[in-house]
Amino acid sequence: MSETNFLNVTELAGDEVSKDQLFRFFQRYGWAAQYTGGKDVLEAACGTGPGLGYLSSQSKSLTAGDFSETVLSVAKNHYKDRIKLLPFDAQNSPFADASFDVVILFEAIYYLPDAAKFIDECRRILRPEGTLLLATANCSLFDFNPSPHSTKYYTVPELTALLNSKDFSVECFGGSPISRQGLKNKIFSALKKFAVTFNLIPGSMSGKKLLKRLVFGKLVTMPKELTSSELKYKPPVSISASKEDFEHQVLYFKATKKGKQ
């Protein structure tokens, strides 16, 4: 996947997003912060880094990076020397063995050409009993629309099985429940299902933004940095690792490295 393609599917700081999208950003980093206190943390595929400032305040140390140097430059220009930022491929990182206590990958595993290789790499750079935190879109939903540049989306049992095969123990969670959506969101889901079925969903971020504006009205600006004062966090709920989930928009996986190596 080229850097240009990443720019076409990445929500950047300054972009207009729906309030629900912004809430999901808050939820991801609020959830991750539960596991980063006093830890050495790496966020891969960090994009423009909206959650890096908050993660840094909750961690012993934080390193982050992205495949796209263009996207990463936005984070570098904002954070300056506050956070160590560098370009790298999540499947082949430049870090030494047992460098981190926590590795984070949000909304990006489906873009990786080889997710198994990424998980192997996480096992290498994580310390004993280290933690891999993943968040991904729920492909089991009836209105699911895959990114045009994605490689593979995983159901709960599929990703659990992959992580187990790499000697990780797994806890699964669901966030942004469909049952709590307002009427407008439910109408949007029905329209989205129709558009997905007939291939009417815009492929570009600008086209998707126009569609969101038509449905949700006024959008909000994605900030360069989420602050703790803005963080309206509702924790995801525990879900079964052995069944597909049809109730949540976002899936979370806490995978703990087993063994000494």
Short question: side chain of S147, backbone of H149 - any donor-acceptor pair under 3.5 Å? yes
Between atom OG of S61 and atom CG of L55, what is the distance when rounded to the nearest 0.5 Å? 11.5 Å
Could you give the distance from CD1 (I83) to CD (E43), rounded to the nearest 0.5 Å? 9.5 Å
Member of I119, V41, L126 meeting the side-chain contact (heavy atoms from CB on, under 4.5 Å) criterion with V103: L126
Would you indicate whether the side-chain heavy atoms of L159 and V170 approach each other to under 4.5 Å? no
Apply side-chain hydrogen bond (donor to acceptor under 3.5 Å, both in side chains) to D245 and list each qualifying residue two or more places apart in sequence or on a separate chain. N138, H248
With side chains defined as the heavy atoms from C-beta onward, is the minimum distance between L251 and T155 less than 4.5 Å? no
What salt bridge (Lys or Arg N to Asp or Glu O under 4.0 Å) pairs are there with at least one residue in residues 153-177, not counting sequence neighbours? D120-K166, R123-D167, K152-E158, E171-K254
Y79 side chain to G53 main-chain N or O, any donor-acceptor pair under 3.5 Å? yes
By side-chain contact (heavy atoms from CB on, under 4.5 Å) - contacts of P235 (at least two apart): Y233
Working for side-chain hydrogen bond (donor to acceptor under 3.5 Å, both in side chains), residues Y252 and Q27: CA-CA 10 Å; Y252 295 87; Q27 186 173 58; 3.0 Å; yes
Quick one: list whatever passes side-chain hydrogen bond (donor to acceptor under 3.5 Å, both in side chains) with E247, sequence neighbours left out. none
Sorted by chain and residue number, the side-chain contact (heavy atoms from CB on, under 4.5 Å) partners of N77 (sequence neighbours excluded) come out as none
Ring pair (Phe, Tyr, Trp, His ring centres under 6.0 Å) partners for Y35, two or more places apart: W31
Is a side-chain donor or acceptor of S93 paired with a backbone partner of A90 at a separation under 3.5 angstrom? no
Sequence neighbours left out, what passes side-chain hydrogen bond (donor to acceptor under 3.5 Å, both in side chains) with S240? Give chain and number order. S242
side-chain contact (heavy atoms from CB on, under 4.5 Å) against E107, all qualifying residues, sequence neighbours excluded: R28, Y110, A137, V250
Ignoring hydrogens and geometry beyond distance, is a side-chain donor-acceptor pair present between T136 and Y153 at under 3.5 Å? no
With a 3.5 Å distance limit and no angle check, can you tell me whether T160 reaches the backbone of V156 through a side-chain donor-acceptor pair? yes
Report the distance from atom CD of Q91 to atom CG of L112, rounding to the nearest 0.5 Å. 5.0 Å
Look up atom CG in L86 and atom CD in E69, then write down how far apart they are to the nearest 0.5 Å. 9.5 Å
Please report the interatomic distance OG(S176) to CZ(R24), rounded to the nearest 0.5 Å. 5.5 Å
With salt bridge (Lys or Arg N to Asp or Glu O under 4.0 Å) as the rule and sequence neighbours excluded, what pairs involving residues 84-105 come up? D97-R124, D101-R127
Check whether any side-chain heavy atom of F25 lies under 4.5 Å from a side-chain heavy atom of L226, and answer yes or no. yes
What distance do L42 atom CG and T63 atom OG1 have between them, rounded to the nearest 0.5 Å? 6.5 Å
Taking side-chain hydrogen bond (donor to acceptor under 3.5 Å, both in side chains) as the definition, give me every residue that meets it alongside E244, ordered by chain and number, with sequence neighbours left out. S140
Under a 3.5 Å distance rule, please check whether T36 uses its side chain to pair with a backbone N or O of K39 as donor and acceptor. no
Please answer: with hydrophobic residues joined when any side-chain heavy atoms are less than 4.5 Å apart, are Y54 and V74 in the same cluster? no
Can you list everything that forms a side-chain contact (heavy atoms from CB on, under 4.5 Å) with S99? Sequence neighbours excluded, please. F95, A96
The ring pair (Phe, Tyr, Trp, His ring centres under 6.0 Å) partners of F253 (sequence neighbours excluded) come to none
